[in-house]
Amino acid sequence: MTAASAPGKIILFGEHAVVSGIPALGGAIDLRAKVTIDHLPGRTLIEAGDLMLKGFSIDLISGQLTSAGAANATRYVSAVLKEFEARDLRVKVESDLPAASGLGSSAAIVVAATAALNEHMNLGLSRKDIASQAHRIEKAVQQGLGSPMDTALATFGGYLQVSSDIRPLDLPQLEMVVGCSGWAHDTRSEVEKVQSLLVRHAEIVGPIFQAIGAISTKGVHLLRELDLQGLGELMNINQGLLEAVGVGTRELSELVYAARGAGAWGAKLTGAGGGGCMIALPPPQGSSGVAMAMRQAKGRAFAVQTGCEGVRLEGCS
Ligand code: MEV
């Protein structure tokens, strides 16, 4: 039996502007997806039983699917198995990460599955190979959509600055609270909406993107100095600019204001917006008050650390 796990991610600054080559800052978080692989002669079975959903399993031959999150996990794992011509396996997927919420759940599943298969089949892939194969597989399943940030963070962990290239940054870990609005989002349509706004109002949206780039760059320095007040201010400005380009929602704003009202240094949506999740930087008293306020505002709230470890092999339980 072989198992590997990989982290999800948040984008601290720079979503959407990064599509136009402006720097964004992402961090791996300590919510993980785990993939366990075992021999199963004559069959290939994928079990997606612990995706914060009801447990069940799916036989690839009979193909019974009963939930979107598990169906999603199965699609990504199937693509990994196909890529490496792997069969006669039982593959179990467990994940702390809600699907389709911008926290990199599919990238974490693809990276963990690739790393577990790498070990199980002695494929000899390096970490760099795992990151690039996983990016290719995720992008193919998503029909050409998928930035390399999610699979790179799931593989290498830590923090990455992404613009035209990807640069690992050595920055301190941070406690954050992630709040999920419960509304699934469609990254492709949010990206298309913002890019179309950029085309129609380039002289206005262009400078907004430049300002977001300046926030990302300054954010790296403030994070290095652990200037939480400054970071919170930048998160709030970035949120305003994301609202300006139309990717905010009422539910996300309610979570943002609930977090700020409970004393967070700052709060903003993370990822594509239009649903999905937001992040808050809790005050020195800790994250529990902020998390509670976000739950009262009907969000699902998790305290996380950012800048966490990338893919790793796991002991099997
Ligand atoms: C989505 O997680 C982040 C976006 O910037 C899109 C992308 O970078 O591919 C909205």
Side-chain angles (χ1 to χ4, degrees), residues 6-29 31 33 72 76 97-111 131-132 134-155 159-167 176 178-181 183-199 205-206 208-217 219 234-235 238-249 252 268-279 304 306:
K9 68 100 195 8
I10 55 170
I11 297 182
L12 282 96
F13 301 112
E15 45 277 271
H16 286 287
V18 69
V19 177
S20 300
I22 280 161
L25 176 65
I29 56 175
L31 299 178
N72 225 20
Y76 288 103
L97 292 154
S101 59
L103 298 181
S105 118
S106 52
I109 289 170
V110 172
V111 167
S132 66
H135 173 48
R136 218 170 30 74
I137 294 166
E138 190 191 27
K139 203 165 160 177
V141 175
Q142 291 170 182
Q143 286 147 7
L145 186 82
S147 89
M149 187 196 259
D150 292 15
T151 36
L153 278 168
T155 308
Y159 293 95
L160 295 175
Q161 189 168 48
V162 179
S163 50
S164 43
D165 59 353
I166 295 188
R167 210 151 58 91
M176 289 261 184
V178 172
C180 294
S181 66
W183 293 82
H185 71 167
D186 178 354
T187 299
R188 186 186 299 270
S189 75
E190 294 306 310
V191 169
E192 282 171 3
K193 193 168 78 182
V194 175
Q195 289 297 309
S196 146
L197 201 67
L198 174 64
V199 168
V205 178
I208 290 176
F209 278 9
Q210 294 301 331
I212 290 176
I215 289 171
S216 289
T217 306
L234 294 189
M235 288 169 73
N238 198 161
Q239 170 66 12
L241 297 172
L242 287 165
E243 282 282 353
V245 296
V247 296
T249 67
L252 285 169
K268 65 178 277 290
L269 67 85
T270 184
C277 299
M278 46 70 73
I279 50 175
V304 300
T306 58

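Counting starts at 1 for both ligands and their atoms, following the listed order. Computed from a predicted structure; not experimentally measured. Heavy-atom basis, side chains included; hydrogens, waters and symmetry copies ignored.
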How close does the nearest protein non-hydrogen atom get to [atom], and which residue and atom is it?
| atom | result |
| --- | --- |
| atom 9 (O) of ligand 1 | Ser147 CB, 3.4 Å |
| atom 3 (C) of ligand 1 | Ile11 CD1, 3.7 Å |
| atom 1 (C) of ligand 1 | Ala272 N, 3.7 Å |
| atom 6 (C) of ligand 1 | Val191 CG2, 3.8 Å |

His16 N/O to ligand 1 N/O under 3.5 Å: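 Such a contact does occur with ligand 1.
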Side-chain touch [X]/[Y], heavy atoms, less than 4.5 angstrom:
| X | Y | value |
| --- | --- | --- |
| Met176 | Ile10 | yes |
| Leu12 | Met235 | no |
| Tyr159 | Thr306 | yes |
| His16 | Leu198 | no |

Residues Thr151 and Glu138: side-chain donor-acceptor under 3.5 angstrom: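 No.
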Numbered atoms and elements of ligand 1 in range of Val18, under 4.0 angstrom, heavy atoms: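 Answer, ordered by atom number: 5 (O), 8 (O).
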Glu15 neighbourhood, listing ligand 1 atoms whose heavy-atom distance to it stays under 4.0 Å: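 Contacts of ligand 1 toward Glu15, numbered from 1: 5 (O).
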Per-residue contact class, Asp150 against ligand 1 - non-hydrogen pairs under 4.0 Å: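 No part of Asp150 is near ligand 1 at this cut-off.
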Least distance between heavy atoms, Ile215 atom then Phe13 atom: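 Heavy-atom minimum between the residues: CG2-CD2, 3.4 Å.
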